[in-house]
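Encoded as structure tokens, the structure appears first; notes follow it.
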Amino acid sequence: MRWSRTFIPTLRDDPADAVAASHRLLIRGGFIRQLMAGSYSMLPLGMRVATKVSDIIREEMNAIGGQEFLAPVVHPAELWKKTGRWDDVEGIMVKLEDRRGADLVLALTHEEVFAHLASELNSYRELPQLWYHLQTKFRDEARPKSGLLRVREFIMKDSYSLDIGPDGLDVQFEAHRGAYDRIFARLGLDSIQVEASSGNMGGSDSVEFVVRSDTGEDRVALCGNCGYAANLERAVSEPDQVRDEPWEGPPLPFPTPGVRTIAALTAMGRFAAARRQIKTLAYYVGDEFTLLVLRGDHDLEVQKVVDSVAGVVRPATEGEIVKRLGAHPGSLGAVGVEYPVIADPALRGRSNMVTGANEDDVHLRGVDVARDLPVARWLDMRSVREGEACLSCPSGSLSLSRVIEVGHIFKLGRRYSEALGATVLDESGRPAPIVMGSYGIGVGRSMAAVVEVSHDGRGIIWPLAVAPFTVVITLLRPDNPVVAEAGETLYRDLDSAGIEVLLDDRNERPGVKFADAELVGIPYRLTIGPRGIEAGEAELAARDGSLTESLPLDQVVERLAALVS
RNA sequence: CGGGCUGUGGCGCAGCUUGGCAGCGCGCCUGCUUUGGGAGCAGGAGGUCGUCGGUUCAAAUCCGACCAGCCCGACCA
């Protein structure tokens, strides 16, 4: 294509409200434009990248037996009511009505539709199946941010595996694991697989594919020794041990005027160090008022609680707390309460601890967890911390990293097939719900992740596989007939050699053209100007700085073909 | 949803305190000169100052409400 005839609106200045590098550079480079919060148009350059990402995904999905579909974006509410998600995911679901007043849903994902399609399968003999599409999702996120990294409308590749039993699901799950590894490697991303929470999707195993980046909003724990990797929502570790000092007798109340925080309580003395306190949090777990207790210096990872129960989990309001416990947050405790108590295992066996007395301005010391707390259930619900010991190997310790989640694979099981009647007859002739898996990759987010990990002060550095063009011909003097002719010839020759080439034929000064070529990040640049042309040469430079050379014009096509093969 | 900030031409911003001609840089158009790292000169186009309402002789500026966007947090398939 010719730059002069292509809509590539590069900006000289950074957009003021873009912070993340990918956000800044994709806008400045003329790849995307924002329409509203969390909603972007792909411009021609962005679309070329998105298409390459999509094509890589297609190739790898097809290679593991995927069949490409295209399911609609607007769904009848009925499907979502059948699976219960019409009510469950209220909040980010956009609901519409058509002219007859029928309820409609904008697709958040496509489990319902594909399970519905799967209901046409009749026999286990037709399984396994692997169905996928690349289609728009709309999620009305509370806080879209960072350009394409977290948006409300985006294109996702989602695939759905259909099997007669869990063994088949395992096979397809592992096939996806391999395909995703290959996809991200081809995109130039160092992806890491981490154990993850399945969230509202339901189902058992789930693995996230993440890319390390400080811009990421997910956090993972990694063991440098054994390779254990888990999302913080899921990660486990061995906390440091605390040796309790002896205490004779029952808990002893003591006055703590004005003390409302763990930190304030530690000022009472060494006996009240944070690790010697019991943190008491009041939640509604399902419909039940419940106290969650942890060591004072530990933080609650609420997703672990959510994952372990069926119903909704939410913090109790201050009013509810006062009504139930007779004290305000800051003076709460679980000693002798009549409500269910869920305790973090780091409290097991602990004694001589300090906790609230459920009376404002009063705490208790000498609390023995086993003796004094009516623990109904032990649940690891602690957020792991940097440096804690790994549980998967004897000597490793965990480090925490920020990451961008680029893919997620789930074992769904029978939830959707049961709800939507996707059953087949099994070997014995009895109806059996299909066992499903679902697997997603965000196309735009993957693009943005590539930019996050591959840019410099001048702009983007696209890997060849996803670059909008392979090479840009920078004509320094397009008004010079000799230069223009050499450029046109090269342009035609490269094009017919199947090399994607952009001809910068704009009547701009050299500095502008160099700066733009670097900003948009095309991997190779051929510079053609009067100086080189006299010697019959062009200058070839790689965007990543790995190469700068002059070569005769008639060797250019061959040289580039060799470089990109 | 809570907290903070911001809305003035395509982009970046000043003007608002103390009401009185809507400005600057970049970009854009025309012409001439220039051309191996974001050119110079001359001439020009382009703005409901986020929206609605109020105060006032007069509102970008003061007051109110709303909307939108960004950042932090909560949340997140």
Side chain to side chain contact (heavy atoms under 4.5 Å, CB included), that's the test. Do Gln193(A) and Tyr180(A) meet it? Break it down for me.
CA-CA 10 Å; Gln193(A) 297 181 26; Tyr180(A) 276 34; over 6 Å; no
Applying a 4.0 Å non-hydrogen cut-off, can you work out what Val483(A) is touching in the nucleic acid: base, sugar-phosphate, or nothing?
nothing
Using a heavy-atom cut-off of 4.0 Å across all strands, would you classify Pro9(A) as base, sugar-phosphate, or nothing?
nothing
In whole Å, what is the span from the CG atom of Asp218(A) to the P atom of A74(B)?
12 Å
Between C1' on C76(B) and CZ on Phe154(A), what's the gap in Å once rounded to a whole number?
11 Å
No-H, no-angle donor-acceptor pair, Glu518(A) side chain to G37(B) base, under 3.5 Å:
yes
Looking for any heavy atom pair under 4.0 Å, which part of the strands does Asp13(A) touch: base, sugar-phosphate only, or nothing?
base
Would you mind pulling out the nucleotide paired to C28(B), Watson-Crick or G-U wobble, both distances under 3.5 Å?
G44(B)
Please state whether the base of G37(B) and the side chain of Arg525(A) form at least one donor-acceptor pair under 3.5 Å?
yes
Which nucleotide in the list G37(B), U35(B), C76(B) gets nearest to the side chain of Arg477(A)?
U35(B)
Glu386(A) atom CD: more than 12 heavy-atom contacts under 6.0 Å
yes
Qualifying residue for side chain to side chain donor-acceptor pair (under 3.5 Å) with Ser197(A), from Gln303(A), Lys304(A), Glu208(A):
Gln303(A)
With both distances under 3.5 angstrom, what nucleotide forms a Watson-Crick or G-U wobble pair with C76(B)?
none
With both distances kept under 3.5 Å, what pairs with U56(B), Watson-Crick or G-U wobble?
none
C63(B) versus U55(B) - spacing of their P atoms, nearest Å:
15 Å
Side-chain donor or acceptor of Arg28(A) under 3.5 Å from a matching atom on the base of G27(B)?
no
If pairing means Watson-Crick or G-U wobble with both distances under 3.5 Å, then the partner of G69(B) is C5(B)
Please determine if a side-chain N or O atom of Arg12(A) lies less than 4.0 Å away from the OP1 or OP2 oxygen of C26(B).
no
In whole Å, what separates the P atom of G25(B) from that of G64(B)?
35 Å
Does Asp479(A) reach a base, just sugar-phosphate, or nothing at all? Heavy atoms under 4.0 Å.
base
Can you tell me the distance, in whole Å, between the CG atom of Asn507(A) and the C1' atom of U33(B)?
13 Å
With Leu11(A), which residues qualify under side-chain contact (heavy atoms from CB on, under 4.5 Å), at least two apart?
Ile27(A), Arg28(A), Arg33(A)
For A14(B), give its Watson-Crick or G-U wobble partner with both distances under 3.5 Å, or none.
none
Arg150(A) has a side chain; which of C75(B), G12(B), A77(B) sits nearest to it?
C75(B)
Whether Arg509(A) contacts A39(B) is assessed here as follows: a side-chain N or O lying under 4.0 Å from the phosphate OP1 or OP2. Is that the case?
yes
When the P atoms of G43(B) and U61(B) are compared, how many Å lie between them, rounded to an integer?
33 Å
Separation of the P atoms in A22(B) and G9(B), to the nearest angstrom
16 Å
To the nearest angstrom, the CG-C1' distance between Leu43(A) and G10(B) comes to 13 Å
What is the separation between atom CG on Leu108(A) and atom P on C75(B), rounded to the nearest whole Å?
20 Å
For Glu112(A), is there an ion pair with Lys82(A) - N to carboxylate O distance below 4.0 angstrom?
no
May I ask you to verify whether the side chain of Glu508(A) and the base of G38(B) hold a donor-acceptor pair under 3.5 Å?
no
So which nucleotide does G38(B) pair with, by the Watson-Crick or G-U wobble rule with both distances under 3.5 Å?
none
By the 4.0 Å heavy-atom rule, please label Ser146(A) as base, sugar-phosphate, or nothing.
sugar-phosphate
Base, sugar-phosphate or nothing for Thr527(A)? Non-hydrogen atoms, less than 4.0 Å.
base
Are Arg143(A) and C72(B) close enough that a side-chain N or O sits under 4.0 Å from OP1 or OP2?
yes
Does Arg152(A) reach a base, just sugar-phosphate, or nothing at all? Heavy atoms under 4.0 Å.
nothing
Does C75(B) have its OP1 or OP2 closer than 4.0 Å to a side-chain nitrogen or oxygen of Gln303(A)?
no
Between Leu476(A) and Ala142(A), which is nearer to the 5' end of RNA chain B once each is assigned its nearest nucleotide?
Leu476(A)
Counting side-chain heavy atoms from C-beta on, which of C11(B), G37(B), C76(B) comes nearest to Glu141(A)?
C76(B)
Please report the interatomic distance NE2(His408(A)) to OG(Ser206(A)), rounded to the nearest 0.5 Å.
3.0 Å
Residues which pass side-chain hydrogen bond (donor to acceptor under 3.5 Å, both in side chains) with Glu452(A), listed by chain and number, not counting sequence neighbours
Ser22(A), Thr215(A)
Between Lys304(A) (NZ) and C75(B) (C1'), how many Å, whole number?
18 Å
Could you tell me how far U34(B) sits from C24(B) if I compare only their P atoms? Round to whole Å.
29 Å
For Ile528(A) and Glu405(A), take the nucleotide of RNA chain B holding the closest heavy atom to each; which residue's nucleotide lies nearer the 5' end?
Ile528(A)
Quick one: label Gly532(A) by what it contacts on the DNA or RNA (base, sugar-phosphate, nothing), any heavy atom closer than 4.0 Å.
base
Say you pick atom P in U48(B) and the same atom in C57(B); how far apart are they, in whole Å?
28 Å
Rounded to whole Å, how long is the line connecting atom CG of Asp14(A) with atom C1' of C13(B)?
14 Å
May I ask you to say what Ala515(A) touches in the nucleic acid, namely base, sugar-phosphate or nothing, with a heavy-atom cut-off under 4.0 Å?
base
Would one find a side-chain N or O of Lys145(A) under 4.0 angstrom from OP1 or OP2 of C76(B)?
no
Which class fits the ring pair His75(A) and His110(A): parallel under 30°, tilted 30 to 60°, perpendicular over 60°?
perpendicular
Between C29(B) and C66(B), how far is it from one P atom to the other, in whole Å?
43 Å
Contact class for Gln34(A) vs. all strands (heavy atom < 4.0 Å): base, sugar-phosphate, or nothing?
sugar-phosphate
Pick the C1' atom in U30(B) and in G46(B), then give their distance to the nearest Å.
15 Å
I need the CD1-P distance between Ile8(A) and G27(B), as an integer number of Å.
18 Å
Arg415(A) bridged to Glu111(A) by N-O distance under 4.0 Å:
no
